[in-house]
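Heads up, the thing below is written out as structure tokens.
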Number of protein chains: 2
Amino acid sequence: MERRHDLGAAFAWLTRAMVAAEEPVLRAHELEMWDYAVLSALEDGPASTQAELADTVRRDKTRLIPILERLEARGLLRRTPDPADRRNRVVALTGAGREVVASCRAGIREVEADLLADVEPGERAIFVAVLDRLADAARAR
Amino acid sequence: MERRHDLGAAFAWLTRAMVAAEEPVLRAHELEMWDYAVLSALEDGPASTQAELADTVRRDKTRLIPILERLEARGLLRRTPDPADRRNRVVALTGAGREVVASCRAGIREVEADLLADVEPGERAIFVAVLDRLADAARAR
DNA sequence: TATTGTTATACTCTATAACTATA
DNA sequence: TATAGTTATAGAGTATAACAATA
């Protein structure tokens with residue numbers, strides 16, 4: 001192993017770089033990073049409780065609340081009481097929310113393409129595939 | 001592009017996972033993460049000013065100070081006034097510091113090997129190489 | 001006047017505990 | 001009693017400004 005950087009350091013620097021590079025895209029949609037993370041998590045389907053949503057976004061439930069209020073006030077998502085258990089509020093994307101997150105992601109895909117522009121296509125495909133698998137594994141803990 | 005996760009999210013999750021996985025290694029040496037980052041940065045040679053060191057570690061000079069004091073008190077590094085410009089203090093690893101950081105890195109290499117254990121060697125080599133290049137580029141900004 | 005290292009202060013972010021309403 | 005959502009509080013982490021010493 002004649003590697004130069006620690007993996008952890010490399011991941012940290014790239015996280016920082018991506019956050020900075022994506023900031024203009026998010027700001028164009030008047031979204032904070034965590035707003036985008038929440039909307040993004042809801043794309044696959046509604047969350048049946050806020051606690052569950054907090055868990056998938058890796059944020060505790062108390063910090064999630066101001067985010068949800070902001071996004072609901074803008075009409076990007078809806079919180080509706082669950083008739084079966086009225087303690088729960090199911091959180092779902094609205095049509096407007098779906099549009100915003102899709103448009104956001106398009107911008108972010110461009111930023112990602114920029115980052116990978118100098119990597120040869122074959123290596124790029126492998127890199128992205130391995131990264132995705134590792135991220136899944138890391139997330140599962 | 002039929003990718004599952006945003007690159008930024010993947011990097012962020014992996015950063016978090018690596019920090020958590022490396023924590024026991026660092027604690028065994030009674031080091032905080034930033035202690036290790038500083039010692040690590042000094043391995044290539046002394047820093048001619050604290051400001052320069054702060055810059056390479058991506059931490060501002062004021063937050064660096066308590067770290068340096070802690071490490072100096074433990075005899076892992078030395079701050080000596082620069083005779084040419086007495087405002088500066090050059091920061092250098094001691095022998096003990098060099099040993100600690102080397103032992104730490106060995107442990108971290110094991111953690112990294114764990115992370116990559118399920119990736120086939122060919123893909124692993126490409127992944128690590130690309131990651132390293134991207135990290136360099138991200139750092140250069 | 002500008003810069004290095006340092007200290008002090010204010011601010012943001014995060015974690016924890018406590019409260020309510022349902023079950 | 002236990003859990004979902006909410007609110008309030010305390011702590012850690014961060015950024016900014018001010019200071020003394022040197023150039």
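Naming convention: chains lettered A, B, ... in sequence-line order (proteins, then strands); numbering from 1 in each chain.
Remark: side-chain polar atoms of B:Asp6 are not paired, donor with acceptor, to backbone N or O of B:Gly8 under 3.5 angstrom. Between the side chain of B:Glu112 and the backbone N or O of A:Leu7 there is at least one donor-acceptor pair closer than 3.5 Å.
Closest to the side chain of A:Arg86, out of C:dT4, C:dT22, C:dT6, is C:dT22. When the nucleotides D:dT22, C:dT6, D:dG5 are ranked by their closest atom to the side chain of B:Asp85, D:dT22 comes out on top. With D:dT16, D:dG5, C:dG5 as the candidates, the nucleotide lying closest to the side chain of A:Ile65 is D:dG5.
Straight-line distance from the CD atom of B:Gln50 to the P atom of C:dT4: 11 Å, rounded to whole Å. Per the geometry, CZ belonging to B:Arg58 stands 16 Å off P belonging to D:dT14, to the nearest Å. A:Ile67 has its CD1 atom 13 Å from the P atom of D:dT6, to the nearest Å. When rounded to the nearest whole Å, the span between CD of A:Glu52 and C1' of D:dG5 equals 15 Å. Atom-to-atom, CZ of B:Arg59 to C1' of C:dG5 comes out at 17 Å; the value is rounded to the nearest Å. The distance between atom CH2 of B:Trp34 and atom C1' of D:dT14, rounded to the nearest whole Å, is 12 Å. Regarding B:Asp60, its CG atom lies at a distance of 14 Å from the C1' atom of C:dT4, rounded to whole Å. Rounded to a whole Å, the CG atom of A:Leu68 is 9 Å from the P atom of D:dG5.
When each of A:Asp82 and A:Thr62 is assigned the nucleotide of DNA chain C with its nearest heavy atom, A:Thr62 is the one assigned upstream, toward the 5' end. Of the two residues near DNA chain D, A:Arg87 and A:Glu69, the one whose nearest nucleotide lies more 5' is A:Arg87.
Close to C:dT14, at under 4.0 Å from its OP1 or OP2, lies a side-chain N or O of A:Arg63. Here A:Arg89 reaches the OP1 or OP2 of D:dT6: one of its side-chain N or O atoms lies under 4.0 Å away. At the phosphate of D:dG5, neither OP1 nor OP2 sits under 4.0 Å from any side-chain N or O atom of A:Arg79.
The minimum heavy-atom distance between B:Ala41 and B:Val57, with the atom names listed, is CB-CG2, 3.9 Å. The minimum heavy-atom distance linking B:Ala138 with A:Trp13 is given by the pair CB-O, 4.2 Å.
Under 3.5 Å, the side chains of B:His5 and A:Asp136 contain a donor-acceptor pair of N or O atoms.
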